[in-house]
There are 2 protein chains.
Amino acid sequence: MLETINERPAMPAVPAATGSITSNGGAQKRRAGRPSAAVLDKSGITAAALELVSRKGYEGLTMAALARVLDVAPSALYNHVASKQDVLLLVEDHLMSLVDVSGFGAGSWEDAVRTWAWSYRDVFAEHTPLIPVIAVLPVTDAPQTLAMYETVSKGFSDAGFPRERIVPAIVALESFIFGSAYDVTAPEDIFESGSMADSTPHFTAAVRSSAGQERGRPADTAFSLGLGALVSGLGALRTT
Amino acid sequence: MLETINERPAMPAVPAATGSITSNGGAQKRRAGRPSAAVLDKSGITAAALELVSRKGYEGLTMAALARVLDVAPSALYNHVASKQDVLLLVEDHLMSLVDVSGFGAGSWEDAVRTWAWSYRDVFAEHTPLIPVIAVLPVTDAPQTLAMYETVSKGFSDAGFPRERIVPAIVALESFIFGSAYDVTAPEDIFESGSMADSTPHFTAAVRSSAGQERGRPADTAFSLGLGALVSGLGALRTT
DNA sequence: CCACTAAATGAATGCCGTTCATTTAGTAGA
DNA sequence: TCTACTAAATGAACGGCATTCATTTAGTGG
């Protein structure tokens with residue numbers, strides 16, 4: 001019965017951004033002698049990178065293309081970011097503000113986790129090239145990411161999780177979410193065994209059988225199944 | 001009590017390879033006029049790529065470097081593979097033969113899944129750049145991968161899984177495994193919130209608390225926790 | 001010995017991220 | 001108003017990358 005309590009939440013998985021790209025957080029200290037009309041700043045670079053990605057995908061996100069969008073020479077970008085990796089970090093942190101954490105503090109812990117997990121997966125399914133970046137990104141450099149973790153941690157704590165289990169539980173859920181985000185991008189026929197079908201009878205039968213019965217995308221079925229297992233398994237760790 | 005039944009299996013996670021790199025499966029049809037002493041073939045390219053990766057990592061795996069290892073001009077590689085992506089595919093499929101599926105058919109379904117999952121994660125934790133490749137790789141082109149799926153599918157089927165649930169269950173486990181493989185590569189201090197610690201009290205407390213109590217790598221704790229939840233949750237789908 | 005062919009060659013191409021000496025243009029203080 | 005200072009933009013260059021292609025090399029069946 002896992003799937004019946006684990007349907008996708010009805011709320012939009014990707015609600016309006018809570019963190020808009022307006023400024024770089026006041027970190028920029030205006031000092032003597034500085035020209036007032038800087039063409040570039042981190043928030044502008046972030047916005048341009050996001051627009052470029054949505055139009056051309058991540059292969060289209062090059063420093064040259066980014067500079068062209070901003071009507072600037074490629075080398076000018078290096079006055080504001082240290083590397084292309086830095087640009088990816090900016091984008092990644094912004095995306096974290098799109099993840100829906102509104103369920104924490106509102107309803108049950110289970111519902112909150114499900115809403116969070118679905119929207120988290122949906123956001124990064126569109127941005128899988130950033131997933132390797134996240135794995136290496138120290139949260140210090142990523143205020144929006146840190147804000148998300150704070151909200152989620154509080155939600156777990158309030159739900160009765162022992163403090164020392166909170167981080168491992170979140171990490172386990174995130175691992176599942178990132179892997180599932182890749183899964184969304186897989187071609188539909190990825191499991192067609194083709195000419196070797198004869199030598200893999202069990203697998204071929206399983207593939208055919210699941211393909212027949214599916215409502216919606218295969219990736220959604222697997223995500224729903226795994227998320228249900230994780231929510232009930234991890235939920236059992238609560239002490240209250 | 002999840003963790004007590006979910007300890008890492010005592011068996012070596014990465015046993016001796018069952019599939020050695022010896023030939024290209026007899027796919028090469030010798031025809032009239034062909035010179036007998038070809039310097040290159042797919043298995044040789046795979047072995048060289050693997051050696052290169054283990055010595056220099058994936059940044060070191062370039063077509064030029066690969067050609068140098070094989071004592072050949074870079075362009076010569078293109079007589080045997082269509083692209084660098086093709087090389088990655090060859091490597092990826094070989095790695096699948098290193099995943100330990102010996103538990104299926106031997107002990108309980110739970111133990112078999114745990115052994116498989118730990119070794120699967122361990123193999124790809126050393127090869128995270130291949131994870132995006134797997135997501136797009138049709139199994140047709142990957143005989144070792146297909147062989148693994150066949151063994152695992154049979155294991156699930158014999159354990160009493162309804163046919164239509166087998167593929168989604170495997171996909172859910174794999175998603176968790178891939179995400180967890182990234183987690184292994186994360187720096188230890190990735191969650192140090194640094195100067196922003198004051199504004200994230202719950203998260204900071206959770207991080208400190210888990211860091212204190214950990215036996216072994218943090219990634220292992222999270223993997224153990226999530227795997228336990230998945231195994232018990234998915235195991236409940238069995239009908240016998 | 002010839003005709004054929006798989007395979008290796010090496011030069012060239014185009015794109016990439018990045019560097020750096022130089023120029024531009026605004027501002028604060030005299 | 002002039003001068004000194006500085007952040008930011010410039011454009012040419014660099015080295016590395018995957019990939020292409022006309023050409024050469026060297027075995028083999030007829």
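So that the names make sense, note that chain A is the first sequence line, chain B the second, and so on, each numbered from 1.
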Taking ring-ring contact (aromatic ring centres under 6.0 Å, His included) as the definition, give me every residue that meets it alongside A/F124, ordered by chain and number, with sequence neighbours left out.
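Residues passing ring-ring contact (aromatic ring centres under 6.0 Å, His included) with A/F124: A/Y120.
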
Show every side-chain hydrogen bond (donor to acceptor under 3.5 Å, both in side chains) that has at least one partner inside residues 187-198 of chain A, sequence neighbours left out.
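Checked against side-chain hydrogen bond (donor to acceptor under 3.5 Å, both in side chains) - neighbours excluded - the pairs reaching residues 187-198 of chain A are A/S193-A/T204.
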
Is B/N79 side chain donor-acceptor paired with the C/dA8 base, going by distance under 3.5 Å alone?
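Yes, the side chain and the base share a sub-3.5 Å donor-acceptor pair.
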
State whether B/H80 places a side-chain N or O below 4.0 Å from either non-bridging phosphate oxygen (OP1 or OP2) of C/dA6.
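False: B/H80 side-chain N/O out of range (4.0 Å or more) of C/dA6 OP1/OP2.
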
So that I know where these two stand, are A/F156 and B/H202 an aromatic pair - ring centroids less than 6.0 Å apart?
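Not under 6.0 Å, so no.
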
A/R55 with A/E51: basic N within carboxylate O range, under 4.0 Å:
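Salt bridge between A/R55 and A/E51, a charged N being under 4.0 Å from a carboxylate O: yes.
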
Would you mind reading off the distance between B/R68 atom CZ and C/dG10 atom P, rounded to a whole angstrom?
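These atoms are roughly 16 Å apart.
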
Atom pairs under 3.5 Å: protein N/O with N/O of nucleotides 16-20 of chain D:
unit_1, atom_1, unit_2, atom_2, d
D/dA18, OP1, B/M63, N, 3.4
D/dA18, OP1, B/K84, NZ, 3.1
D/dA18, OP2, B/M63, N, 3.0
D/dT19, OP2, B/Y78, OH, 2.7
D/dT19, OP2, B/K84, N, 2.8
D/dT19, O5', B/Y78, OH, 3.4

If every non-hydrogen atom of B/A186 is compared with every non-hydrogen atom of B/I190, which pair is closest and at what distance?
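Smallest heavy-atom distance, with atoms named: CB-CD1, 4.0 Å.
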
